[in-house]
Visitor: 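Let me begin by handing over the structure; questions about it come next.
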2 protein chains.
Amino acid sequence: MGATGVRKARTSVRANVRRVPGPCAHWDDQDADFIREVLDLVGDKWSVLIIGTLADGPTRYSDLADAIPGISQRMLTLTLKQLRRTGLVDRTAYPEVPPRVEYSLTDLGTSLLSIVLALAAWSADRHAEIRRHQAAFDAATAPAGS
Amino acid sequence: MGATGVRKARTSVRANVRRVPGPCAHWDDQDADFIREVLDLVGDKWSVLIIGTLADGPTRYSDLADAIPGISQRMLTLTLKQLRRTGLVDRTAYPEVPPRVEYSLTDLGTSLLSIVLALAAWSADRHAEIRRHQAAFDAATAPAGS
DNA sequence: CGGTATCCACAGTGATACTG
DNA sequence: CAGTATCACTGTGGATACCG
């Protein structure tokens with residue numbers, strides 16, 4: 001991997017006592033924006049599903065639609081375009097008739113996939129614990145009323 | 001870490017040729033739902049910022065509001081509640097006057113933080129590359145018109 | 001101080017129909 | 001087959017005002 005690590009405190013000597021408008025020790029405002037961008041990209045309803053599907057190899061438009069039940073043509077097209085714009089997926093159109101178009105993960109997309117996989121592992125691992133917390137919280141919060 | 005790894009192909013022997021309604025090799029529909037839940041949680045506008053700020057240690061409500069410029073009281077309260085419900089943050093109210101309330105990351109929250117940090121590192125690392133792709137894509141897409 | 005309640009605007013998404 | 005166009009709906013989030 002290349003130069004990893006969130007850029008550290010670029011702003012001179014951050015005093016030992018944090019002055020308020022400094023967001024947190026892990027990233028500065030600038031980094032926070034990058035994270036938000038990636039989160040906006042990946043946090044939408046379909047991106048991760050598409051990336052996961054493409055991880056199996058190049059896939060045709062209609063196969064993607066089949067592999068991801070519930071997605072509309074509109075959202076499939078829109079999300080793919082978004083993903084392409086970010087450089088996460090590639091599009092290859094074969095000038096045949098009937099037309100055939102294949103989408104595939106770029107290296108960038110593959111590198112993101114590994115993080116998504118880590119998140120997936122975390123989700124699966126902690127899912128039960130989360131459910132318990134939710135149940136406990138809901139029980140403690142809404143015990144009023146019938 | 002406990003039993004990590006996204007649960008693998010529970011559905012008998014998945015034929016070597018993927019039959020369409022199987023989403024992808026990395027997770028099944030069920031896992032996909034878990035991921036979506038976590039993504040919904042973390043993909044919203046403020047959760048990650050709050051988690052990052054709380055990573056520095058227990059923080060008061062008003063300090064959070066100061067540390068995260070632009071957040072409204074409504075969203076701060078709402079997001080904290082959501083985070084609490086999921087078991088990612090703890091709330092401690094001190095029965096003083098004036099009232100004092102501190103929020104802190106739970107172990108669960110801390111474990112998620114490490115993944116978020118990985119994502120942050122990825123963002124910072126690939127940011128320039130992404131920007132290039134976006135610029136190239138936009139140039140190739142909208143060259144028509146003036 | 002640490003919230004809650006109400007109203008409103010808008011971006012994201014789905015359904016449907018049409019096109020190259 | 002692989003999209004695009006249009007419309008309508010809904011959830012998310014901002015502004016503001018009020019409460020314990």
Side-chain angles (χ1 to χ4, degrees), chain A residues 20 32-33 36-50 53-54 58-86 89-104 137 140-142 144-145, chain B residues 20 32 36-37 39-50 53-54 58-86 89-104 137 140-142 144-145:
Chain A
V20 260
D33 283 346
R36 287 260 66 258
E37 276 179 56
V38 176
L39 245 26
D40 282 345
L41 185 74
V42 138
D44 70 27
K45 213 172 175 184
W46 304 109
S47 295
V48 169
L49 276 324
I50 292 180
T53 305
L54 290 182
T59 313
R60 297 184 57 165
Y61 181 89
S62 50
D63 287 343
L64 279 171
D66 290 341
I68 306 172
I71 196 172
S72 61
Q73 274 200 326
R74 172 189 153 85
M75 287 320 295
L76 180 53
T77 302
L78 235 58
T79 308
L80 282 170
K81 192 176 296 183
Q82 170 85 342
L83 257 21
R84 240 155 43 85
R85 187 176 114 96
T86 319
V89 315
D90 256 347
R91 194 189 101 119
T92 313
Y94 298 90
E96 310 169 349
V97 37
R100 181 166 62 100
V101 177
E102 281 190 349
Y103 290 89
S104 60
F137 185 91
T141 307
Chain B
V20 261
R36 287 259 68 258
E37 276 180 57
L39 245 25
D40 282 345
L41 185 75
V42 137
D44 70 28
K45 212 172 176 182
W46 304 108
S47 295
V48 169
L49 276 324
I50 292 180
T53 305
L54 289 181
T59 312
R60 297 184 58 166
Y61 180 89
S62 49
D63 287 342
L64 280 172
D66 290 341
I68 306 172
I71 196 171
S72 62
Q73 272 200 327
R74 173 189 152 86
M75 288 319 295
L76 180 54
T77 302
L78 235 57
T79 308
L80 282 171
K81 193 176 297 181
Q82 171 85 342
L83 257 21
R84 248 166 24 96
R85 188 176 113 96
T86 318
V89 315
D90 256 347
R91 196 189 99 120
T92 314
Y94 298 90
E96 312 168 348
V97 36
R100 180 166 62 100
V101 178
E102 281 190 350
Y103 290 90
S104 60
F137 185 91
T141 307

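All chains are named by letter (A, B, ...) in the order of the sequence lines, taking the proteins before the strands, and each is independently numbered beginning at 1.
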Visitor: Answer yes or no: is there a donor N or O on one side and an acceptor on the other, between the side chain of Arg36(A) and the main chain of Lys45(B), under 3.5 Å?
Guide: yes

Visitor: For residues 72-79 of chain A, tabulate all N or O donor-acceptor pairs below 3.5 Å that involve a side-chain atom, not counting sequence neighbours.
Guide:
| from | atom 1 | to | atom 2 | distance (Å) |
| --- | --- | --- | --- | --- |
| Ser72(A) | OG | Met75(A) | N | 3.2 |
| Thr77(A) | OG1 | Tyr61(A) | OH | 2.9 |
| Thr77(A) | OG1 | Gln73(A) | O | 3.0 |
| Thr79(A) | OG1 | Met75(A) | O | 2.6 |

Visitor: Please list each protein N or O that sits under 3.5 Å from an N or O in nucleotides 3-7 of chain D, with the distance.
Guide:
| from | atom 1 | to | atom 2 | distance (Å) |
| --- | --- | --- | --- | --- |
| dG3(D) | OP1 | Arg91(A) | NH1 | 2.4 |
| dG3(D) | OP2 | Tyr103(A) | OH | 2.7 |
| dG3(D) | N7 | Gln73(A) | OE1 | 2.9 |
| dG3(D) | N7 | Gln73(A) | NE2 | 3.0 |
| dG3(D) | O6 | Gln73(A) | OE1 | 2.9 |
| dT4(D) | O4 | Gln73(A) | OE1 | 3.4 |

Visitor: Hey, does Leu83(A) have a side-chain heavy atom less than 4.5 Å from the side chain of Leu41(A)?
Guide: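 Leu41(A) reaches Leu83(A) side chain to side chain.
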
Visitor: Figure out the CD1/P separation between Ile71(B) and dG13(D), and round it to whole Å.
Guide: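 These atoms are roughly 10 Å apart.
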
Visitor: For the pair made of CD1 in Ile68(B) and C1' in dG13(D), what is the distance, rounded to whole Å?
Guide: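 Nearest whole value for this atom pair: 15 Å.
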
Visitor: For the pair made of CD in Gln82(B) and P in dG3(C), what is the distance, rounded to whole Å?
Guide: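 In whole Å, dG3(C) P lies 16 Å from Gln82(B) CD.
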
Visitor: I want to check one thing: is the phosphate of dG2(C), taken as OP1 and OP2, less than 4.0 Å away from some side-chain N or O of Arg60(B)?
Guide: yes

Visitor: Look at the side chain of Ser62(A) and decide which nucleotide, out of dC1(C), dG14(C), dC1(D), has an atom nearest to it.
Guide: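 Given the options dC1(C), dG14(C), dC1(D), the side chain of Ser62(A) is closest to dC1(D).
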
Visitor: With nearest nucleotides of DNA chain C determined for Pro99(A) and Trp46(A) from heavy-atom distances, which residue corresponds to the more 5′ nucleotide?
Guide: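 First, find each residue's nearest nucleotide; the 5'-ward one identifies Trp46(A).
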
Visitor: Is there a side-chain contact between Thr92(A) and Val101(A), using heavy atoms and a 4.5 Å cut-off?
Guide: no

Visitor: Under 3.5 Å, is there a donor-acceptor pair between the side chain of Thr86(A) and the main chain of Gln82(A)?
Guide: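 Looks like yes, one N/O pair under 3.5 Å.
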
Visitor: Using a 6.0 Å distance limit plus a 45 degree cone around the ring axis, check whether Arg85(B) lies over the aromatic ring of Phe137(A).
Guide: no

Visitor: Rounded to whole Å, how long is the line connecting atom CD of Glu102(B) with atom P of dC1(C)?
Guide: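 It works out to 15 Å between those atoms.
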
Visitor: Between atom CE in Met75(A) and atom P in dT10(D), what is the gap in whole Å?
Guide: 17 Å

Visitor: Kindly compute the distance separating CG (Leu64(B)) from OH (Tyr103(B)), expressed to the nearest 0.5 Å.
Guide: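 Between atom CG of Leu64(B) and atom OH of Tyr103(B) there are 8.0 Å.
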
Visitor: Rounded to whole angstrom units, what separation is found between the CG atom of Asp40(A) and the P atom of dC10(C)?
Guide: 19 Å

Visitor: Between P on dT13(C) and CG on Leu49(A), what's the gap in Å once rounded to a whole number?
Guide: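 From Leu49(A) CG to dT13(C) P: 12 Å.
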
Visitor: Rounded off to whole Å, could you give me the CG-to-P distance for the Leu64(A) and dA2(D) pair?
Guide: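 Going from Leu64(A) (CG) to dA2(D) (P), I get 9 Å.
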
